[in-house]
Amino acid sequence: MYNSFSHPGLAEPRTKEEWRIYLNNRPPERPRMPSYDAYIKLSVDERDDLNDARADYHSALAIVRTPQMRRIHHLIERRMRMNARQTAGARRGIIVDGPPTVGKSTLVKMYAADYEHKLRRRFPEKFADGYELDGVFVDYTPVVYVSIPAQATPKDLSILFADYLGLPDKSGTKQKITKHVLATMQAVGVELVIIDDVHFLDLSLKEGRVVNDHLKYISNHTAATFVYTGVELKKSGLILEGQTSTRASQTAGRNNLCEVKNFGFRTAEEKREWAEVVVALENTLELYRHKPGQLVKLSPYLHDRTGGSICGLSDLLRESAVEAVMSGEEAITRRLMDTIEISEYAEAAYREVKRRQRTSSGTARPAVAAAG
């Protein structure tokens, strides 16, 4: 009746084929839930199947399109429209910067997926089996997604593009591979290039600056909009020429910096936005004893636990939902969430929050005995 574990998890796409798998992936369907009385009357196997289906569904959980995500999607869309008919030359791009676990990579991949889905709807003939251009078969590839590894060389960067595009010959010099990459990107109609993990370019070192120069060369000769993502790029030297310079880099002159931040929890507006995210995730749960609104009441706790990280919140609620099914508790409570450990990054931040709370509250002074 229920078919769980039928969809393998998705890895970061490294090729256009893997990107298309990501693009066409559909999360598990919401299980059909019988009444609780009917549930407890199911056979052991039937109940096990339903619980596995619920675990599968909860492991995916919905991705919430937050106000911050919508704002940056709007900026990327506007930049792409501005670049669409620009004359030859480097296009202006977007740099998405922020601390770890704020969802930068997910944010830009979702925009790219939305954009390609729109193109597929408008131009299905281009995607059906490719198309012919000037007598040459073209596999239309509007989106390129590349994640930069640590200690990459300029040739490594060109090979990453070649691997993504499916170029069979990656031998020869950096210049030869790059020339083939640029010609292919033009032929297959690349419109959006996402460069993830740009923080791995250590611009305090000569090698990092050389790779960054090579990346600028590729963007200069590609009629596409480039979107860069990374951790604390404002401090990395990508924006300034070197980490201690006060001179803006060429990259800073061509790209807008969009900072992605964790959710705050100080103002009424920040609390409302955080609560909306919690509600959106809570509404996806399929648990028999969980009452709507239970998690909203725990908004301050959830913010403390995750530091306002959307990734941390998703991790905490997904694992808690799986545990609620496995344990039979069928509800996400604070007691249950206290048993769940998410990333060490989030746990360390939560320990610091609790330390500050203990310090600010202090301890009650003992009463002084009256003199006899």
Side-chain angles (χ1 to χ4, degrees), residues 11-20 22 76 83 89-97 104-105 108-109 111-112 139 141-243 249-255 257:
E12 286 293 300
R14 296 167 298 173
T15 67
K16 60 184 179 182
E17 289 79 16
E18 291 177 352
W19 168 254
R20 289 163 186 170
Y22 169 83
I76 298 173
N83 289 339
R91 269 70 171 161
R92 290 180 62 199
I94 299 283
I95 297 172
V96 180
D97 188 18
K104 299 180 297 295
S105 296
V108 295
K109 286 202 293 285
Y111 174 82
D139 182 16
T141 309
V143 172
V144 169
Y145 175 88
V146 172
S147 181
I148 294 181
Q151 300 179 330
T153 66
K155 185 173 181 179
D156 291 336
L157 189 60
S158 289
I159 290 175
L160 284 173
F161 279 102
D163 284 338
Y164 184 93
L165 295 166
L167 303 185
D169 183 9
K170 293 181 282 291
S171 60
T173 63
K174 173 193 73 177
Q175 289 80 4
K176 177 185 174 183
I177 300 169
T178 304
K179 183 178 180 180
H180 196 184
V181 163
L182 291 174
T184 303
M185 289 174 76
Q186 181 177 1
V188 301
V190 174
E191 300 176 39
L192 173 63
V193 178
I194 295 171
I195 310 292
D196 206 356
D197 293 330
V198 185
H199 52 271
F200 281 126
L201 295 180
D202 187 350
L203 300 185
S204 66
L205 302 176
K206 178 181 177 181
E207 294 81 0
R209 293 193 293 271
V210 170
V211 176
N212 186 45
D213 287 341
H214 186 57
L215 183 56
K216 284 186 285 188
Y217 175 82
I218 293 175
S219 66
N220 286 348
H221 295 84
T222 306
T225 299
F226 277 63
V227 176
Y228 307 86
T229 75
V231 175
E232 297 182 343
L233 298 179
K234 204 168 185 179
K235 302 177 183 178
S236 72
L238 188 73
I239 307 302
L240 299 176
E241 295 287 6
Q243 293 177 317
S249 69
Q250 193 177 47
T251 302
R254 293 178 178 174
N255 301 279
L257 179 67

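Worth knowing before you read on, the calculation uses all heavy atoms, side chains too, and leaves out hydrogens, waters and symmetry mates. Since the model is a prediction, treat every value here as computed from it, not as a measurement. Numbers here are sequence positions counted from 1.
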Kindly assign one of parallel, tilted or perpendicular to the pair H214 and Y217, based on the angle between their ring planes and the thresholds 30° and 60°. parallel

Nearest non-hydrogen partners of [X] and [Y], listed with the distance:
X	Y	result
V181	S158	CG2-O, 3.6 Å
I194	V108	CD1-O, 3.6 Å
A152	V211	O-CG2, 3.0 Å
S105	D196	OG-OD2, 2.6 Å
W19	A112	CH2-CB, 3.6 Å
R92	N83	O-ND2, 2.8 Å

Between the side chain of [X] and the main-chain N/O of [Y], is any donor-acceptor distance below 3.5 Å?
X	Y	value
D213	V210	no
D97	L233	yes
T222	S219	no
K155	G172	yes

Worked verdict on I218 versus F226 for side chain to side chain contact (heavy atoms under 4.5 Å, CB included): CA-CA 10 Å; I218 293 175; F226 277 63; 4.3 Å; yes

Only one of V198, N255, V227, I195 forms a side-chain contact (heavy atoms from CB on, under 4.5 Å) with I95, so which one is it? N255

[X] [atom1] to [Y] [atom2] distance, which is reported to the nearest 0.5 Å:
X	Y	atom1	atom2	value
I94	T229	CD1	OG1	12.5 Å
Q151	F200	CD	CZ	10.0 Å
T178	H180	OG1	NE2	11.5 Å

Can you find a pair of side-chain heavy atoms, one from [X] and one from [Y], that are under 4.5 Å apart?
X	Y	result
Y164	S147	no
K179	I177	no
P149	L160	yes
L165	M185	yes
L215	L157	yes
F161	V193	yes

Please list, chain by chain and in numerical order, all residues satisfying salt bridge (Lys or Arg N to Asp or Glu O under 4.0 Å) with K109, sequence neighbours excluded. E12

Between I159 and D163, does the side chain to side chain contact (heavy atoms under 4.5 Å, CB included) criterion hold? Intermediate values first, please. CA-CA 6 Å; I159 290 175; D163 284 338; 3.6 Å; yes

Do D139 and R20 meet the salt-bridge criterion of a basic N to acidic O distance under 4.0 Å? yes

